[in-house]
Each structure stands twice: as structure tokens, then as C-alpha cells.
2 protein chains.
Amino acid sequence: MDEWHDLDADELAFVTRVKRDHVFEPGEVIFHQGAPCDGMYWVRTGLTGERRLDPDGEMALVRLGYAGGALGYQELLTGKPYRNSAEALKRTATCYLSHAAIRELLDRNTKLRDRFLQRCVRDHEKTEKNLVAALNRGVRTRFLYALLKLYERYGQFVTGKGHILELPIARKDLAALVGTGPESISRTIRKLERDRIASFDGRTVFFPDLGAVQDEIHNVG
Amino acid sequence: MDEWHDLDADELAFVTRVKRDHVFEPGEVIFHQGAPCDGMYWVRTGLTGERRLDPDGEMALVRLGYAGGALGYQELLTGKPYRNSAEALKRTATCYLSHAAIRELLDRNTKLRDRFLQRCVRDHEKTEKNLVAALNRGVRTRFLYALLKLYERYGQFVTGKGHILELPIARKDLAALVGTGPESISRTIRKLERDRIASFDGRTVFFPDLGAVQDEIHNVG
DNA sequence: CGTCTGGTTGATCTAGATCAACAGGAGTGG
DNA sequence: CCACTCCTGTTGATCTAGATCAACCAGACG
């Protein structure tokens, strides 16, 4: 939580007094889309996903939340209801601060606002990148991009074996992240294997040449 | 410019001293993608577009900027180069503030930071909406959504004639906004006319029943 | 006049959506 | 232990939205 670096002793004491720690098991919902926003969550460890469901039943996985991420801070600042549902995708330890608590902190410490601003700009940057990818890249490229991002968090290089990624999420969530169905993910996986870009064994992915992956998505960045 | 309401007399004097007004003609570039960010622009009147070009030559129109909008403030806050090019789509009057000037103002007036934060959240909200639309809606729906947004700014209800929208931008830019080509826009226009949702005559659009439009996009909001 | 740009249409092709079937666990209950 | 169902993932067959390539027209502009 970058945001806390700027707090003085008093404020830190305040935080430790009013914060509420909570661990969510995989699949557990942290808050519901459309519900009034009563506070925000920090992701301490684990993995979360923000889903948006539209009236036609279409669901999109808008964003993943890693350790250090914040959930619902935008709604907290605008006072609107949560626009996405948040859910733990892995076992996730969170820290909750109520609306009132955050308000108090924001009033006391102006640097905190800067932190939020920085965070917001960075988050926006990412969604914008995803937007342009969604607008003019195919499923394959977007999927590779998602894999690469996951690799940056969960992947490792094992000497002799190469680049390995243990997928933290299921196929259908990969699909929802890319904006397609599980079938299309399955098929593009086959194609990627055929092209020797990556090979899949259940939830583990091997990249023979990570550079080849980077190459294919140089455009989305 | 909401942001200016919070400035005191001194600060306003400072702004009027250091700001640079500039009018851009249609098609004129305000700043280039990839160029170092030296300052930001307010849109006083007119219409701007932010374009992102990727290495493969694919271009997307990421966002339109109406009066009251801000250009390049995110890069200004992060210190990164402009990620999009900005261009005047109609004759646009802008007000430029240098990096140093904004920094000075931000240091002096903490409320100004809040304004930026609010703006950033709102902007992010919009791109997120566009993202989910791009992920799971077809060209037709996204196009209607774009038209509706334009109607909110440029449309008018003429008694006896109905809802009329004079399109401020060309077909190819409509296409770039939706993430498709001009041909597809042309074809979906025909379909919309066939379905009596809208009729087109050059750059003027008639909506016989605006409710029908709203209905078709209730999902994207 | 020719040339250019913006827009429309036609013909074709393909990525990807959709519907359906099926295979392997994993859990549950007899 | 087996039978059952549920859930995830994969594959096949088919269909369609939309991309792509090409021709064409109209107005703008030298």
C-alpha cells in the first residue's frame, strides 16, 4: 500500500484502529455491482477480479487486482454505487476502510490525495490500453497480452525448463478477461501450440521463447 | 474549467499571466503521441479527439474532448510522454498551462488536486464503459452508443421534425471511435435506416424515436 | 479539366460466436 | 465401492458479423 507511506504516527494509529482485516476465499464476493459503496478495500495478498455484468447477461472481467491494489476507491470518491463486482480469485487478504475513515484521512493528509491521484492515473492508463487492444486487436493478441501480464506476476524462469506460468485463473475467466468464450480460448491455445509460441498442460503454461510473445504484442505494449 | 473555481485572486492572477491561449483549426494537431509532455491544455470551445496509433498502423480514436475537457493532464502528472495524439476535430479554442505552472498551482492549492482526482475518476469511468462495450458488444451497438453521446452534446429536438443530430465528425472518425472501418459504418447505417432507428442524410442524423436507441444500448449505459 | 478525398456498394473471406456433444475429475449419497 | 451428477475443458459443425479488397461516384480544389 504505497498510500500509507505518507501517514504520520497519529494517522497510522488511526488506521490500525479503524481498519478491518478480512480474508476472502476463492470465489467469495467482496462487493456487489450496484451496491452502495460504503468503503474501500486494499488487496494485501492474493488475487481479485472485477466483473461487470450487463443486463443481457454478458459478463466481462474488467481488471485483475494484485497485492497492493485497491478496490472501490473510485466509487468512494464519487459516492456512486460500485460499478463492478469484486471477487477473490485466489485466497485474498484484504484491509477494509470505511467511507468515513477514508474521508477523515483525506482531510488530514493531503499527500494521501496525491497517492490516490497517481493510482487513478495509472489504472486509467491500463484500461485505456486494454480498450485500444479490444478495439483493434484479435482474440489471439489480447490473449497473449493477458498471459504476459500474468507471467509478470506469477511466472518464473526455471533453468533448463524455461519460462513457466502457473495460471491462477480458470479458462472461462481468461475468456471473460479477453472478451470471448471458453471455446475460443481453447482453440487459440491449440493454435499457439501449433505455432510453438506456448504449450499448455492444464493450468501450467510453458513459453519456449518469451521474446516471440513480446513480438506478437509489441503494439499493445 | 471546474478546476479554476477553487483558485483565489492571487492564483487566478498567476494563471492569467502564465496561460497561453491558442486556437486550433480542424485537423490541426495539438500534441503528438510519444512527444515529451511539457504541459496541458484545456478545451474552452470546440471538439478534440485523442488518437492512438499502434506500430501496425492501426489507429483508434480513444476519446473525444468537449468544452471543459482537459488534454494531457495525466501525462503531466506521471511525467511520461503523451500516449495519444490530440487533434482539433472542429475549430477549438484552448488554454495552455506549462508543466511548471501547473506544478506551482498544485503546490499552492490543494483543492486543485481534488479537482484533478475527480476528473481522472470520471474519465476512467468512461473508458471503462467503452472497454466493456468493446469486449462484448457488436459494432452496431457501439455505434449507436457513440451517436447517442454525440446527440447529448450536439443534438437538438426540433418540434415537428424530431431529434436531429448534426455529426461533428467524419465517417472514418466515427469508425475509428467504434473500432472498425468506414465500410462497416456505412453498412450499419443502412441497417439502422432499414430498421427505422435512425436515418442519415450526409452528416445530419434523424432519430424518429430516441427511446428506441436508448433501448438498444441499455446495457452499455 | 484532372486529381484527391470522403463516402458508398459489391464480392469475398475469415475470425470468432454459437450450439451441441463428450470426456475427465470431483464430490455426494446410496 | 459404485452410481450419479456437476463442473470444467475440449472438440466438431455450422453460421454470421465484420474485415478486406476493389470499384465507383460525387464534390472540392488545384
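So that the names make sense, note that chain A is the first sequence line, chain B the second, and so on, each numbered from 1.
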[X] [atom1] to [N] [atom2]: how many Å, rounded?
| X | N | atom1 | atom2 | value |
| --- | --- | --- | --- | --- |
| A/F143 | C/dG16 | CZ | C1' | 15 Å |
| B/I185 | D/dA19 | CD1 | C1' | 13 Å |
| B/E183 | D/dA22 | CD | C1' | 10 Å |
| A/E193 | D/dT11 | CD | P | 9 Å |
| A/D201 | C/dG24 | CG | P | 15 Å |
| B/L174 | C/dT8 | CG | P | 10 Å |
| B/L135 | C/dG16 | CG | P | 13 Å |
| A/R137 | D/dA19 | CZ | P | 13 Å |

What's the closest nucleotide to the [X] side chain, out of [options]?
| X | options | result |
| --- | --- | --- |
| B/S184 | C/dA20, D/dA19, D/dA22 | D/dA19 |
| B/S186 | D/dA19, C/dT8, D/dT10 | C/dT8 |
| A/R171 | C/dA17, D/dG9, C/dA11 | D/dG9 |

Looking only at side chains, do B/N84 and B/R52 share a donor and an acceptor under 3.5 Å apart?
-> yes
Distance-only side-chain donor-acceptor flag, A/D56 / B/H218, under 3.5 Å = yes
Toward the 5' end of DNA chain D, which comes first, B/V139 or A/I189, by nearest nucleotide?
-> A/I189
Would you please classify the geometry between the B/H163 ring and the B/F157 ring as parallel, tilted or perpendicular, with 30° and 60° separating the classes?
-> tilted
Report the relative orientation of the aromatic rings in B/F207 and B/Y151; use parallel for angles under 30°, tilted for 30 to 60°, perpendicular for over 60°.
-> perpendicular
Return no unless some side-chain N or O of A/R140 is found under 4.0 Å from OP1 or OP2 of C/dA15.
-> no
OP1, OP2 of D/dT11 versus side-chain N and O of A/R187: anything below 4.0 Å?
-> no
Is B/R20 positioned over the aromatic face of B/Y96, cation under 6.0 angstrom from the ring centre and no more than 45 degrees off axis?
-> no
Looking at every strand, decide which applies to B/T188 at a 4.0 Å heavy-atom threshold: base, sugar-phosphate, or nothing.
-> nothing
Let me know, please, whether B/R203 or A/E58 comes out on the 5' side of the other along DNA chain C by nearest nucleotide.
-> B/R203
